[in-house]
**Q** 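Got a structure here, written out as structure tokens. Questions coming.
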Amino acid sequence: MQNSIDLNFWLTRGMARRIGVNISEAMHDGFLTQADFAQMITTCRTCGRTELCLAILAEKGADPEPIPEDCPNSAILNSLRALH
């Protein structure tokens, strides 16, 4: 179970980074609480598309790129992106 949590922790951060959001900075700046981030990880864990996200994150790109709109965390990630 811990491995799943670790994987989803990094997937959530990776998807954020893909669109130009730094989760650590968002928390430091007060835009995201630790509880919010924990909920995002839980949401990621229950999504069931881990393999798709791993494939998306494996793609190389120099600039921020969109994540799937049906990602259950896309709304919060896009909101965080708009704040920066």
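Here, residue 1 is the first one in the sequence, and each next residue gets the next number.
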**Q** Is Met40 close to Leu77 at the side-chain level, that is, under 4.5 Å between some pair of heavy atoms?
**A** yes
**Q** Would you sort out whether Leu7 and Leu54 count as a side-chain contact (heavy atoms from CB on, under 4.5 Å), showing the intermediate values?
**A** CA-CA 10 Å; Leu7 174 61; Leu54 286 169; 4.2 Å; yes
**Q** Rounded to the nearest 0.5 Å, what separates atom CD1 in Ile76 from atom SG in Cys71?
**A** 11.0 Å
**Q** In this structure, are over 12 heavy atoms from other groups packed under 6.0 Å from Glu69 atom CD?
**A** no
**Q** Taking the side chain as every heavy atom from C-beta outward, state whether Met15 and Val21 have any pair of such atoms under 4.5 Å apart.
**A** no
**Q** Are Ile67 and Asn73 close enough that some pair of their side-chain heavy atoms sits under 4.5 Å apart?
**A** no
**Q** To the nearest 0.5 Å, tell me how far Met27 CE sits from Asn22 CG.
**A** 9.0 Å
**Q** With heavy-atom distances below 4.5 Å as the criterion, would you say the side chains of Pro72 and Arg49 are in contact?
**A** yes
**Q** Kindly give the heavy-atom pair with the smallest separation between Ala26 and Leu80, and that separation in Å.
**A** CB-CD2, 4.1 Å
**Q** Please determine, by modelled atom types, if Arg13 and Ser24 share a side-chain donor-acceptor pair under 3.5 angstrom.
**A** yes
**Q** To the nearest 0.5 Å, how far apart are CZ in Arg18 and CD1 in Ile56?
**A** 6.0 Å
**Q** For Leu11 versus Cys44, what's the shortest heavy-atom pair and its separation?
**A** CB-SG, 4.0 Å
**Q** Do Arg45 and Ile5 make a side-chain contact, defined as non-hydrogen atoms from C-beta onward lying under 4.5 Å apart?
**A** yes
**Q** What is the distance from atom CD1 of Ile41 to atom OG1 of Thr46, rounded to the nearest 0.5 Å?
**A** 12.0 Å
**Q** Give the C-alpha distance, both sets of side-chain angles, the deciding distance and a yes or no for side-chain contact (heavy atoms from CB on, under 4.5 Å) between Ile19 and Glu65.
**A** CA-CA 5 Å; Ile19 64 167; Glu65 297 185 32; over 6 Å; no
**Q** Using a 3.5 Å distance criterion without hydrogens, assess whether the side chain of Asp36 forms a donor-acceptor pair with backbone atoms of Leu32.
**A** no
